[in-house]
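What follows is one structure encoded as structure tokens, with my remarks underneath.
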Amino acid sequence: MNQLEQILQKQVKSAVNDLYGIEVECSSVQLQKTKPAFEGNITVVVFPYVKTARKAPQAVAEEIGKYLSELQESITLRYNAVQGFLNLVITPDFWLKSLEEIYRDETYGRLPQNGQLMMVEYSSPNTNKPLHLGHVRNNLLGYSIAKIQEANGWQVVKTNIVNDRGIHICKSMLAWQLFGNGETPESSGKKGDHLIGDYYVRFDIEYKKQIKQLTEQGMDEDTAKREAPLMKQAQQMLLKWEQGDKEIRQLWEQMNSWVYAGFDETYRTMGVSFDKIYYESNTYLEGKKEVERGLSEGKFYRREDNSVWADLRQDGLDEKLLLRQDGTSVYITQDIGTAKLRYQDYPIDKMVYVVGNEQEYHFKVLSLLLDRLGFPFGKELVHFSYGMVELPNGKMKSREGTVVDADDLMQQMIADAKEVSKDKVNKITDIGQAEADEIARKVGLGALKYFILKVDPKKNMLFNPEESIDFNGNTGPFIQYTYARIKSILRKNDTEINIDATTTVNDKEVSLIQMLTQYPQVVKQAGDEFSPALIANYTYQLASEFNSFYHDYSILNETDKNIRQMRLMLASSTAKVLSSAMALLGIEMPERM
RNA sequence: GGUUCGGUAGCUCAGCUGGAUAGAGCAACAGCCUUCUAAGCUGUGGGUCCCGGGUUCGAAUCCCGGCCGAAUCACCA
């Protein structure tokens, strides 16, 4: 709800009351942006009043229009009525005042602190393989959501739960032990996470060989999978890990440290960060304790085989295993422990889990279990569920080698940006190699981030590795470029930026100002709906609108001083909003490109 | 099979809390740089908004029923 809408809703409310005796809520007054085919900035939809008014839509629109334009405090310059649509042209004075307010507001678009704390969990990698495109979507969404909620007044704690234990890690460790010959990141020059990932793949290859061998000897496949020596060894290793075997723990710590160094580098390149990192190796025992407590309080039950279960049938779900018969914990058990520790560490008012939609069932169960265990936050948790990234031939599968590696992808994007910008940047003669590299980095990553974030998070999205991500059109670089052009103008301006109340504004200027006034609502809505895509699409429209204005009108060469000043203010405000909005997406803006 | 989500231009996506003639980008075609950065701007062509009913002044949008696709319903995480 911005100022324009507030004023008009109030005025329309009193109009229909005075004219027809209809009582309406301000919020029920329907306003929309005027379609380009008609003259006007904003349109009042009068259909809701025609029945009670017992007049034709056209007449009602005319009457309300007349009323609005004749008010003492009217902001309506002209109006026209078409069918049931009342199109209003708002006074230049109103637009100029709005522009100046935006220009002067240092924190435009940000809501004041609401005094509440939101924790956002995202990323949550396994430590047995490097990050891929699926993780990239997760990380970008998580980081952006954190920024957006901050702008909406929340104190945000970004957190990461690292899945650093379990059979999958043992597989990598075992393969390294058996086939690694002591290879290290240093000795091989590989990034730590990639090194470990290679051994995870190696395990799978050798494991499959063993299965094949066993089935050829006449064993059925399921048995072969269980009986393969490698699998047995991996399970053995997991058991030793749980028992705290020194040698295994040491190996585990060694390999994890390599992976973390690799992840840190990926996160740094991606530009995401965390305020607090949790490790499942530290939280799963807490989870087991909570399950034991629930058991003793009669909230869960033990089967004859010693396994522990929760009965969720009354909630429309099924029974859920919480502890295996050997007492080891499962995925959900760890999440219970992690949740408990987090609430011990922080006064969390809202907990958000950025996790793919494949885990919707999991979070329904988690919510119910936490609630049942007496945690007041159980019911309130938010599973920010996003869609998968698909390749042209379907889902990414690590085993089939169809994953798009995060590091490779980012480097490729930066290289592409370098290629594209080579000629263009050369036009600006004083850009050196260092700045050129920095520009390529921002542009390449900007293209990637925008490409991913502009899509509605709920939906699955398609990535075709064969087609490079665009740098033209509805893209990150388009917006960065618009920003760089404005900054170029502002650098060349040496006059003070002020505004004169008698200045005129043309259609394109009004359109731009109007779009700028919508920014706070967009931020609010993006926060309410957890949707960076709303920010992305708004930013594109704003940049697009500016480019059209830029093409048609000169700023620095405008001879009318008042108009020039107003345009400088408009350009500056546009740059401010563009960069503010892109920051909410985690996208950096180059000053030149 | 149950549940959830999706189906809009050749492709990738907006629009979905009901409003005017359904929008962008890419791709195709035609124009615009001696003028603040052409990663830009302007124009042309391109649609059974999956199908069928219903609700009403009005439906891509809401409801019901189909069809198609995805996810999930693990002692994997």
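Below, read A as the first sequence line, B as the second, and so on, with proteins coming before strands; counting in each chain starts at 1. From a predicted model like this one, the values you see are computed outputs, not experimental measurements.
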Contact letters for nucleotides 31-39 of chain B, in which S counts primed atoms plus P, OP1 and OP2 and B counts the base, heavy atoms under 4.0 Å: ----SBBSB

Would A:Arg313 and A:Asp318 satisfy salt bridge (charged side-chain N to carboxylate O under 4.0 Å, His left out), going step by step from the backbone distance to the final call? CA-CA 5 Å; A:Arg313 284 176 295 195; A:Asp318 208 340; 5.3 Å; no

Taking N or O atoms only and anything under 3.5 Å, show me the protein contacts with nucleotides 58-61 of chain B, one pair per line.
none

Are A:Lys225 and A:Glu221 ion-paired here, with the side-chain N under 4.0 Å from a carboxylate O? yes

Taking the P atom in each of B:rC16 and B:rU34, what is the distance between them to the nearest angstrom? 43 Å

Using the rule given for salt bridge (charged side-chain N to carboxylate O under 4.0 Å, His left out), can you reason through A:Arg165 versus A:Glu242, listing the C-alpha separation, both sets of side-chain angles and the distance that settles it, and then say yes or no? CA-CA 9 Å; A:Arg165 58 172 289 278; A:Glu242 295 226 0; 2.9 Å; yes

Can a cation-pi geometry be assigned to A:Arg485 and A:Tyr550, taking NZ or CZ under 6.0 Å from the six-membered ring centre and within 45° of the ring axis? yes

Which label fits A:Phe47 and A:Phe85: parallel for a plane angle under 30°, tilted from 30 to 60°, or perpendicular past 60°? perpendicular

dist A:Glu62:CD -> A:Asn80:CG (nearest 0.5 Å) comes out at 8.5 Å

Can you check the A:Ile452 CD1 to B:rA14 P distance for me, whole Å? 14 Å

Please state how far atom CG in A:Asn537 lies from atom C1' in B:rA24, giving the value in whole angstrom units. 9 Å

Short N-O contact, A:Asp528 and A:Lys524, less than 4.0 angstrom: yes

Which value, in whole Å, describes the distance between the P atoms of nucleotides B:rU8 and B:rA70? 15 Å

Figure out the CG/P separation between A:Leu391 and B:rU12, and round it to whole Å. 13 Å

Please determine, for B:rG1, whether a Watson-Crick or G-U wobble partner exists with both distances under 3.5 Å, and give it or none. B:rC73

Using atom P in both nucleotides, what's the gap between B:rU44 and B:rC50 to the nearest angstrom? 26 Å

Short side-chain to backbone donor-acceptor contact, A:Ser307 and A:Arg324, under 3.5 Å: no

Please test A:Tyr200 against A:His168 for ring-ring contact (aromatic ring centres under 6.0 Å, His included), starting from the C-alpha separation and ending with a verdict. CA-CA 8 Å; A:Tyr200 186 65; A:His168 50 287; 7.4 Å; no

B:rA28 pairs with, by Watson-Crick or G-U criteria that keep both distances under 3.5 Å: B:rU44

Step-by-step salt bridge (charged side-chain N to carboxylate O under 4.0 Å, His left out) determination, A:Lys208 to A:Asp204: CA-CA 6 Å; A:Lys208 281 202 174 116; A:Asp204 204 57; 2.9 Å; yes

Let me see the working for A:Gln480 and A:Ile587 under side-chain contact (heavy atoms from CB on, under 4.5 Å), right down to the final yes or no. CA-CA 9 Å; A:Gln480 291 171 318; A:Ile587 298 176; 3.7 Å; yes

Which label fits A:Phe363 and A:Tyr353: parallel for a plane angle under 30°, tilted from 30 to 60°, or perpendicular past 60°? tilted

Rounded distance (Å) that lies between atom C1' of B:rG40 and atom CD1 of A:Ile479: 14 Å

Take atom CG of A:Leu462 and atom P of B:rG7, then tell me their distance rounded to the nearest Å. 15 Å

What is the distance, to the nearest angstrom, from the CZ atom on A:Phe384 to the P atom on B:rC5? 16 Å

Using a 4.0 Å heavy-atom cut-off to protein, can you give one letter per nucleotide of nucleotides 16-23 of chain B, 5' to 3': B if the base is in contact, S if only the sugar-phosphate is, - if neither? BB-BBB--

Would you be so kind as to tabulate the donor-acceptor pairs closer than 3.5 Å made by side chains of residues 463-471 of chain A, with sequence neighbours excluded?
residue: A:Asn464; atom: OD1; partner: A:Glu466; partner atom: N; Å: 2.9
residue: A:Asn464; atom: ND2; partner: A:Glu467; partner atom: OE2; Å: 3.3

Euclidean distance for C1', B:rC63 against B:rG18 (whole angstrom): 13 Å

What integer number of Å spans the P atoms of B:rG45 and B:rC62? 31 Å

When syn is taken as a glycosidic angle within 90 degrees of 0, is B:rC33 syn or anti? syn

For B:rA22, the Watson-Crick or wobble counterpart (both distances under 3.5 Å): none

Salt bridge (charged side-chain N to carboxylate O under 4.0 Å, His left out), that's the test. Do A:Asp193 and A:Lys129 meet it? Break it down for me. CA-CA 6 Å; A:Asp193 50 339; A:Lys129 52 179 188 272; over 6 Å; no

Using a 4.0 Å heavy-atom cut-off to protein, can you give one letter per nucleotide of nucleotides 68-77 of chain B, 5' to 3': B if the base is in contact, S if only the sugar-phosphate is, - if neither? --SSSS-BSB

Mate of B:rC36 where both pairing distances stay under 3.5 Å, Watson-Crick or G-U: none

Could you identify the nucleotide paired to B:rA14, looking across every strand shown and requiring Watson-Crick or G-U wobble geometry with both distances under 3.5 Å? none

Using the P atom as the point on both nucleotides, what is the distance between B:rG6 and B:rG15, in whole Å? 12 Å

Less than 3.5 Å apart, which donor and acceptor atoms pair up between the side chains of residues 439-457 of chain A and the rest of the protein, not counting sequence neighbours?
residue: A:Arg441; atom: NE; partner: A:Glu438; partner atom: OE1; Å: 3.2
residue: A:Arg441; atom: NH1; partner: A:Glu588; partner atom: OE2; Å: 3.2
residue: A:Arg441; atom: NH2; partner: A:Glu438; partner atom: OE2; Å: 2.9
residue: A:Arg441; atom: NH2; partner: A:Glu588; partner atom: OE1; Å: 3.3
residue: A:Arg441; atom: NH2; partner: A:Glu588; partner atom: OE2; Å: 3.2
residue: A:Lys449; atom: NZ; partner: A:Met270; partner atom: O; Å: 2.7
residue: A:Lys449; atom: NZ; partner: A:Gly586; partner atom: O; Å: 2.7
residue: A:Tyr450; atom: OH; partner: A:Asn474; partner atom: OD1; Å: 2.6
residue: A:Tyr450; atom: OH; partner: A:Ala536; partner atom: O; Å: 3.1
residue: A:Lys454; atom: NZ; partner: A:Asn474; partner atom: O; Å: 3.3
residue: A:Asp456; atom: OD1; partner: A:Lys458; partner atom: N; Å: 3.0

Report the distance from atom CD of A:Glu466 to atom C1' of B:rU12, rounded to the nearest whole Å. 16 Å

5'-most contact on RNA chain B: A:Val455 or A:Ser548, nearest heavy atom basis? A:Val455

Measuring only the P atom in each nucleotide, how far is B:rA60 from B:rA38? A whole number of Å is fine. 41 Å

Tell me: OH of A:Tyr450 to P of B:rA14, nearest whole Å? 11 Å

Distance under 6.0 Å and angle within 45° of ring axis: A:Arg303 vs A:Trp309: yes

When rounded to the nearest Å, what value does the distance between P atoms of B:rC41 and B:rU56 take? 45 Å

Using both distances under 3.5 Å as the test, list the Watson-Crick or G-U wobble partner of B:rG65, or none. B:rC51

